[in-house]
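Notes follow once the structure below has been shown.
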Amino acid sequence: MNKHMKAIAIGLVTGWLAVSSVACAPAGPAGPTLAKELHVYNWSEYIDPQIYADFEKEFSVHVVEDTFASNEELLAKLQAGATGYDVIVPSDYMVKIMIEQGLLAKLNHENVPNIKNIDPKFADPPYDPGLVHCVPYQWGTTGIGYNTEAFEEPPDSWAYLFDPEVASLYAGKFTMLNDSREGIGAALKYLGYSLNSTDEAQLMEARDLLIRQKPWVYAYDSEQYEDLLSADEIVMGHGWSGDFFMAAVEDERIWYAIPREGATIWADNLCIPKTAPNKYTAEVFINYLLRPEVGAKISNFTWYASPNAAATEFIDPEILEDPAIYPPAEVMERLEWIEDVGEATPLYERIWTEIKAAGP
Ligand code: SPD
C-alpha cells in the first residue's frame with residue numbers, strides 16, 4: 001500500500017454491496033433529497049481522499065469508494081447485476097458500450113450546472129455527444145514508465161517491450177497492463193497497426209507477439225506497477241501516465257515516455273448507472289467535482305490532465321507545463337483513442353484469455 005492509499009481516511013471499503021444503505025435526508029419540502037451515503041466505483045488512487053471528506057462536510061453525504069482495475073471488470077460487474085453504485089468512471093469507448101447496452105442514466109443537466117466548466121474540446125465527444133450521460137473526469141495517455149537509472153536513453157518505443165532482442169534484456173523486469181484493449185493495443189501499435197484493428201490476421205499477429213513476450217513479463221498488473229518500480233522489482237512498466245508521475249513525486253528516478261510509434265489517448269468519465277439508488281445525490285456530487293478548485297485538486301493529486309477549463313488556473317504549473325501530461329500537437333497526432341470494436345469485441349477477449357492462459 002503506498003502513501004496515497006494510506007492517506008485515504010474515509011469511506012474506502014470493499015464488498016460493500018452486501019450492505020445496503022439508501023436512507024435519504026430531505027433537502028426541501030417538495031424538492032429532491034440527498035442520500036446519507038453515495039457509492040462511487042472508481043479506478044484506484046484516482047481522487048484526492050480529502051475531496052470525499054470535504055464533500056461529506058459540506059453536504060453531510062458519506063462517500064463510500066470501491067475500486068476496479070479495468071473497463072471490462074466494471075462492465076462485467078454491472079452486467080452481473082450490481083445495483084448499488086451511484087457514480088462510475090468508465091473510459092470513452094466503454095461509455096459508448098454502456099449507453100448501447102442501456103446501462104447508463106441520462107444526466108439532468110439542471111442538477112449539474114458546473115458542466116459549463118468543461119473545455120469545449122471535451123464537451124461533445126463522439127462516444128457521448130452533448131454529454132447526455134456522462135461528464136469527462138480526467139484524461140491521459142498510455143505508455144512506458146521507467147527507472148531513469150536503468151536506461152541510458154528513455155525507452156520511448158514499444159520495441160522495449162516487444163522486440164525480442166531488446167525486451168529479452170529486461171526479462172522479469174517489466175510489467176504489462178492487465179487490460180485486454182491496452183495490452184493488445186500496444187502490440188498492434190508496435191506492429192504498425194491501429195489499436196482498433198478488427199483485421200483477424202493483424203490481431204493474430206498481435207496475439208503471437210504477446211505470447212512470445214509473456215516469459216519476460218514480471219506481471220500483468222494495472223494497480224501496483226508504479227510501486228513495483230519504486231521498489232526496484234521492475235525497471236519499466238506499461239501503464240497510465242499520471243500513475244508514474246504521482247510515483248515520481250516521492251521517487252525522482254521514475255519518469256514516463258510516450259512511445260514514438262503512437263499510443264493510447266483516453267478520457268475517463270463520471271457516469272450514473274441506470275440502477276443507481278441515489279441519482280440526484282450523484283448529480284450533486286458530479287457538480288461538486290466540476291467546481292474549478294475541486295477540479296484542480298483532482299489533477300494536483302492524480303497528475304492527469306483535466307478537461308475542466310475553469311480548473312486550469314488552480315492546477316500546479318508543473319503539471320500544466322509538462323509535455324508528457326499535456327502533450328504538444330506533434331505528439332497528439334500520434335495518439336489514438338480506443339474505440340468500441342463492436343463485433344470484434346469477443347475476439348479481443350478470446351485473444352486476451354489465450355495470452356493469459358499460455359505457458360509458462
Ligand atoms: N490510477 C488511475 C488510472 C486510471 C486509468 N484509466 C485509463 C483507462 C484507459 N483505457
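Below, each value reflects all heavy atoms present in this structure, side chains not excepted, and no hydrogens, waters or symmetry copies. Only a predicted model underlies this, so the values are computations on that prediction, with no experimental measurement involved. In listed order, ligands and their atoms are each counted from 1.
- Ion pairing between a basic and an acidic side chain is recognised when a charged N comes within 4.0 Å of a carboxylate O; Lys96 and Glu100 show such pairing.
- Heavy atoms of Tyr93 come nearer than 4.0 angstrom to ligand 1 in no pair at all.
- If you check which protein heavy atom lies closest to atom 8 (C) of ligand 1, you get Ser91 OG, 3.3 Å.
- A salt bridge is absent between Arg212 and Glu205: the closest approach of a Lys/Arg side-chain nitrogen to an acidic carboxylate oxygen does not fall below 4.0 angstrom.
- Residue pairs meeting the ring-ring contact (aromatic ring centres under 6.0 Å, His included) criterion with at least one partner in residues 310-339, sequence neighbours excluded, are Trp139-Tyr326.
- Taking a cutoff of 4.0 Å between a charged side-chain nitrogen and a carboxylate oxygen, Glu73 and Lys77 do not qualify as a salt bridge.
- Look at Arg253 and Asp232 and you find a salt bridge, because one of the NZ, NE, NH1 or NH2 atoms lies within 4.0 Å of a carboxylate O, short of that distance.
- Between Tyr170 and Phe151, the gap from one ring centroid to the other is short of 6.0 Å.
- Of the protein's heavy atoms, Asp268 OD2, 2.8 Å lies nearest to atom 6 (N) of ligand 1.
- Proximity of Arg181 to ligand 1, defined as any heavy-atom pair under 4.0 Å, is not found for any part of the residue.
- Around atom 5 (C) of ligand 1, the closest heavy atom drawn from Trp240, Trp337, Tyr137 belongs to Trp240.
- The distance from ligand 1 to the heavy atoms of Tyr304 drops below 4.0 Å at these ligand atoms: 3 (C).
- Of the polar atoms of Ser44, at least one N or O is found under 3.5 Å from an N or O of ligand 1, judged by distance alone.
- Closest protein heavy atom to atom 10 (N) of ligand 1: Glu182 OE2, 2.9 Å.
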